[in-house]
Amino acid sequence: MLSVLLAGCMGALAVLLVVVWRVRTDGTWALWWHDNYLERLRDFTSGKSRPMRILQYVQRTAVQGDANSVISAVDSYCANVEWAMNVGDMKGEILDAVVLDVRPRWVLELGTYCGYSTMRIARFLPPGARLVTLEMNHHYAQVAKQILGHAGVDAQVDLLVGTSSALIPQLKKKFDLDKFDLVFIDHWKTSYLPDTKLLEECGLLASGTVLLADNVTCPGAPDYLQYVRNSPRYKSLYFPSQLEYLQVEDGMEKSIFLG
């Protein structure tokens, strides 16, 4: 009887180790585990959403008015407590480098979530520059506003709530702008390509506009990559990296609009 129990325990342990390994190294497993299992379990046991748990951690641990402190707090929480779909620290450095290189006056972000990448961009903007960020989820947007306020970067940010397909055609008139200098794409992967084409149609891209797309490897945006890598209107470069806070291959695609 004891040998049967030991064999059962060893078998269960082996299965658990395989699951842990797959979650840490396989994108499909990782996203399913964190987004469809752990998040729902934590939501149920805590009575709060993941964005609210991140916000409360930021409020407890980060220095108010210090964007770097808030970014570090989110990274610490997501690396050590609970995974979340921010751009993360590794790919965040790629984003930082692009922002510093472009020195944009007008930035568009597609997909705010909790405002992590919004903070990373906003802290490097020159005086007078604006960041417009679009988020379709009202709850995410409310949490992001509080996190951006805690970081002290909210004065440079316009957060609009709604679908990107509905909001993009309104941006030129709403903000009286000619074009965006930088577009950071990090929302629904199936929307990457149609929203890029919509930006073109609405005249919001001009020669030299830089598009930076996250998660082009995991979970992937193959139709978007096919388009920007083969269109004569773009010059593209891939930056290999890892999925936020995990040992899973991912990357970002930087595409310069040529007109």
query: Which residues satisfy the ring pair (Phe, Tyr, Trp, His ring centres under 6.0 Å) test with Tyr77, sequence neighbours excluded?
result: Tyr57

task: Could you pull out all residues at least two apart from Ala144 that satisfy side-chain contact (heavy atoms from CB on, under 4.5 Å)?
output: Thr112, Leu159

query: Within a strict 4.5 Å, meaning less than it, do heavy atoms of the Val107 and Pro104 side chains meet?
result: yes

message: Just so I know, are the side chains of Arg233 and Glu200 near enough to count as touching, which here means a heavy-atom distance under 4.5 Å?
response: yes

field: Ala79: partners by side-chain contact (heavy atoms from CB on, under 4.5 Å), with sequence neighbours left out
entry: Tyr245

field: Lys254: partners by salt bridge (Lys or Arg N to Asp or Glu O under 4.0 Å), with sequence neighbours left out
entry: Asp101

Partners passing ring pair (Phe, Tyr, Trp, His ring centres under 6.0 Å) against Tyr113 (at least two apart in sequence or in another chain): Tyr140

message: Please enumerate all residues that pass salt bridge (Lys or Arg N to Asp or Glu O under 4.0 Å) together with Arg105, with sequence neighbours excluded.
response: none

Heavy-atom donor-acceptor pair, Arg123 side chain to Val153 backbone, under 3.5 Å: no

Asp154: partners by salt bridge (Lys or Arg N to Asp or Glu O under 4.0 Å), with sequence neighbours left out: none

Using atom types as modelled, flag every donor-acceptor pair under 3.5 Å from a side chain in residues 169-176 to any protein atom, sequence neighbours excluded.
unit_1 : atom_1 : unit_2 : atom_2 : d
Gln170 : NE2    : Ala166 : O      : 3.1
Lys172 : NZ     : Asp178 : O      : 2.6
Lys172 : NZ     : Gly203 : O      : 3.2

field: Nonpolar side-chain network containing Trp188, other nodes, edges under 4.5 Å
entry: Met136

Which residues share a side-chain contact (heavy atoms from CB on, under 4.5 Å) with Ile94, sequence neighbours left out: Phe239, Ser241, Met252

Pairing residues for Ala213 by the side-chain contact (heavy atoms from CB on, under 4.5 Å) criterion, not counting sequence neighbours: Ile185, Tyr192, Val216, Tyr224

- line: Those residues at least two apart in sequence (or on a different chain) that pass salt bridge (Lys or Arg N to Asp or Glu O under 4.0 Å) with Glu201 are none

